[in-house]
S.K.: 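This structure is in structure tokens; I'll ask about it shortly.
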Amino acid sequence: MTARLLHGDVAVGDTLPELGVDVTATTVVLGALASRDWRPMHHDKDFAVKRNGTKDIFLNTPNQAAWFERYVTDWTGPTGRLGRMTFRMNTSVFPGDHMVFDATVTGTDVDAAGCGWVDLDVALMVGDVATTTCAVRVALPTHDGDNPWARSGQGWRPGDGAAG
Amino acid sequence: MSDTPTTELAEIPADVLARVGQVQYEEEGGFPVEHGYIWSTCAAVENANPLFWDDEVAAHLTDGPIAPPTMLSVWFRPHHWSPGRTEPAVPLQAHFDLKDELELPEAIISSNTITFHDPVRIGDRVRSRQVLRSVSDPKTTKLGRGRFWVIDVEYLNQDDALLGVESYTAFGYRREAS
């Protein structure tokens with residue numbers, strides 16, 4: 001079993017290891033098709049340039065969400081369970097860009113059901129520009145025997161709390 | 001941003017106000033949740049989470065394989081083509097309805113929140129429904145004059161279990177005359 005992070009291991013102000021990715025046209029097209037987004041601005045450069053006025057094809061939103069999920073669960077391990085994500089899109093990510101994900105812990109709490117939560121501010125950076133930011137609320141085990149995935153009904157309250 | 005009242009925006013039609021909180025556009029995805037798209041998505045972002053690759057881990061943690069939570073909207077997106085369809089399907093139809101009814105030709109999605117409830121499992125038939133939550137008074141932003149609105153897309157499985165909610169905040173507007 002992969003190592004896992006416990007709620008008590010995390011404190012406000014902690015930072016996550018950065019993740020750097022060189023974006024290619026293949027990155028964009030793979031992500032668009034895997035997310036069933038057939039719109040041409042995500043696979044047809046001529047369309048993107050002539051119709052959308054962008055410099056190239058660009059990452060679609062659902063694929064960016066998948067990148068954010070991967071980044072957060074690389075850190076938590078498989079017992080980390082996403083509760084909520086709030087995205088703000090500022091600008092697009094294109095082939096040739098080097099995107100860097102970084103994050104800071106902004107809050108930790110245990111809710112009334114005993115679920116341990118961590119709030120993160122995550123940024124997708126290209127150079128000095130935060131192209132997309134995402135406030136994430138993720139549940140972590142509070143002790144070795146805890147498993148956030150086993151929670152349901154009133155035991156799973158992802159809509160409560162601060163993130164977003 | 002300014003809250004200065006304007007006279008150039010029409011009143012919100014009564015039938016739009018009547019739709020606030022009402023379920024619209026309930027539709028089922030075109031195919032059951034399947035493992036191929038899960039692996040394709042994980043491969044596209046190099047996601048090595050064993051929950052999606054190792055059946056033993058999935059059995060231990062989630063009582064069987066599940067989909068990555070952020071794939072929630074994937075399962076109801078229409079095929080690029082299907083027999084008999086002559087017009088492309090438009091996602092978030094409630095949003096485009098509002099643009100027309102409020103006579104606001106431009107719109108942006110200013111934020112998007114996804115809340116994840118029960119896990120999506122292999123074989124689930126996911127259906128979605130749209131709910132208009134609110135329409136604001138007239139506002140002026142750097143984009144122009146318009147209104148904000150919030151639309152929730154709720155996702156449920158074949159047992160009516162809530163899988164998640166995507167909440168879109170949009171700003172529909174008219175460009176300022178130059």
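Just so it is clear: chains get the letters A, B, ... in the order the sequence lines come, proteins before strands, and each one is counted from 1. Any value given below was found using the heavy atoms of this structure, including those in side chains, with hydrogens, waters and symmetry copies removed.
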S.K.: Ion pair present between Arg174(B) and Glu106(B), side-chain N to carboxylate O less than 4.0 angstrom?
M.R.: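 No salt bridge links Arg174(B) with Glu106(B).
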S.K.: Chain A heavy atoms under 4.5 Å from Asn112(B): which part of the residue, side chain, backbone, both or neither?
M.R.: both
S.K.: One thing to verify: whether Glu154(B) and Arg133(B) come together as a salt bridge, which I'm taking to mean a side-chain N less than 4.0 angstrom from a carboxylate O.
M.R.: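 Between Glu154(B) and Arg133(B) there is a salt bridge, with a charged N closer than 4.0 Å to a carboxylate O.
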S.K.: Give, as side chain, backbone, both or neither, the part of Thr169(B) having an atom under 4.5 angstrom from any heavy atom of chain A.
M.R.: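 For Thr169(B), there is no contact with chain A at all, as no heavy atom is under 4.5 Å.
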S.K.: So, is the end of the Arg81(A) side chain (NZ or CZ) under 6.0 Å from the ring centre of Trp156(A) and within 45° of the ring's axis?
M.R.: yes
S.K.: With a 4.0 Å cut-off on N to O distance, would you call Asp44(A) and Arg51(A) a salt bridge?
M.R.: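 Salt bridge between Asp44(A) and Arg51(A), a charged N being under 4.0 Å from a carboxylate O: no.
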S.K.: Which bit of Thr73(A) comes within less than 4.5 Å of chain B, counting heavy atoms only: side chain, backbone, both or neither?
M.R.: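 Contact with chain B is through the side chain of Thr73(A) alone.
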S.K.: Under 4.5 Å from any heavy atom of chain A, what part of Glu166(B) do you find: side chain, backbone, both or neither?
M.R.: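 Neither; nothing under 4.5 Å.
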S.K.: Is Ser111(B) reaching over with its side chain to a backbone N or O of Phe87(A), donor-acceptor style, under 3.5 angstrom?
M.R.: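 A pair under 3.5 Å: no.
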S.K.: Could you check whether the rings of Phe31(B) and His79(B) sit parallel, tilted or perpendicular, using 30° and 60° as the cut-offs?
M.R.: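 Parallel: the ring planes of Phe31(B) and His79(B) meet at under 30°.
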S.K.: Chain A heavy atoms under 4.5 Å from Ile66(B): which part of the residue, side chain, backbone, both or neither?
M.R.: side chain
S.K.: Using a 4.5 angstrom heavy-atom cutoff, name the option from Val45(B), Leu162(B), Ile108(B) with the most pairs to chain A.
M.R.: Val45(B)
S.K.: Taking Ile114(B), Leu72(B), Ile38(B), Leu51(B) one by one, which has the highest count of heavy-atom pairs under 4.5 Å against chain A?
M.R.: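 Top count of heavy-atom pairs under 4.5 Å with chain A: Ile114(B).
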